[in-house]
Amino acid sequence: MKTLRTTLPVVAALLLASCGNRATKSPASNAETVTVAAEKALAATEMPGYFLKNSYRFAADTAAYFVFENQDAFDAVVNIARTMGNAPLTPDFDKTAVGAIALKPTNRPVRISVGPVEQTSKTVATVYFTVTTGSETLSYTQTPFRLFNFPKSDKLKTVRFVSGGRLVHAIALD
């Protein structure tokens, strides 16, 4: 028990020292490595039942990132995937913003997982996500797409997308 009492303050001090806000450039690439302490977690909800419109054209990048703040912007890029029995969550743009991650079409199985969405400062929200690609070849092409919503705030000015500890995209909000 005495060892626990002396070890616990040391471990707590190390944890607190490692939780500061830091952003550094990785020497191996120009990607920014992001380590932040969250001010608060934002209640994000995945929104299945939608897909990226076929008319969307990807830029040279292999991924596209979106934050929709109104129905018109949402409808310009996203379609509902109607099936029998599905009732997709309808966005309430008065209370929430909708984020999305889309990857270029591929014939590999791909899963985009959205982790926590955190408010990392008064004006910045950070979306953590991972992409997992399978090795098998599919007999069709798919466009991986993940849609989610999170609480809207007038103070929020930037949404950052972070994967593998690296800032991959940031969107300035109106």
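Linking Ile, Leu, Val, Met, Phe, Trp and Tyr residues whenever their side-chain heavy atoms come within less than 4.5 Å leaves Tyr65 and Phe145 in two separate clusters. Val117 and Met47 sit in two unconnected hydrophobic clusters of ILVMFWY residues. Membership requires side-chain heavy atoms under 4.5 Å apart, directly or through other members. One hydrophobic cluster holds both Val127 and Val110 under the rule that ILVMFWY side chains link at heavy-atom gaps under 4.5 Å. Under the 4.5 Å side-chain heavy-atom criterion for ILVMFWY residues, no single connected hydrophobic cluster contains both Phe161 and Tyr56. A single hydrophobic cluster is not seen to contain both Val114 and Phe68; linkage of ILVMFWY side chains at heavy-atom distances under 4.5 Å, directly or through other members, places them apart.
Heavy atoms only, all atoms of each residue included: Gly49 and Pro88 are closest at O-CG, 3.8 Å. Across Leu173 and Val159, no two heavy atoms sit closer than the pair CD1-CG2, 3.9 Å. For the pair His169 and Ile171, the tightest heavy-atom approach, listed with the atom from each and the gap, is CD2-CG1, 3.5 Å. The heavy-atom pair separating Ile80 from Phe51 by the smallest distance is O-CE2, 3.4 Å. Of all the heavy atoms in Gln71 and Phe93, the pair that sits closest is OE1-CE1, 3.3 Å.
With sequence neighbours left out, Thr158 forms a side-chain contact (heavy atoms from CB on, under 4.5 Å) with Val124, Arg160, Ala170.
Within the model, atoms OG1 of Thr96 and CD of Glu69 stand 10.5 Å from one another, a figure rounded to the nearest 0.5 Å. Note: Asn149 CG to Asp92 CG = 9.0 Å, rounded to the nearest 0.5 Å. With values rounded to the nearest 0.5 angstrom, Lys53 atom NZ is found 5.0 Å from Asn79 atom CG. In this structure, OG1 on Thr45 lies 11.0 Å from CG on Leu147, to the nearest 0.5 angstrom.
Sorted by first and then second residue, the pairs that involve residues 144-159 and meet salt bridge (Lys or Arg N to Asp or Glu O under 4.0 Å), not counting sequence neighbours, are Glu46-Arg146.
A distance of 6.0 Å or more separates the ring centres of Phe129 and Phe148.
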Taking it one step at a time, do Phe66 and Phe74 satisfy side-chain contact (heavy atoms from CB on, under 4.5 Å)? CA-CA 9 Å; Phe66 306 92; Phe74 181 82; over 6 Å; no
Show me the side-chain donor-acceptor pairs of residues 98-109 shorter than 3.5 Å, one per line, residues at least two apart or across chains.
residue : atom : partner : partner atom : Å
Lys104  : NZ   : Ala59   : O            : 3.4
Thr106  : OG1  : Arg108  : N            : 3.1
Arg108  : NH1  : Ser135  : O            : 2.6
Arg108  : NH1  : Glu136  : O            : 3.4
Arg108  : NH1  : Thr137  : OG1          : 2.8

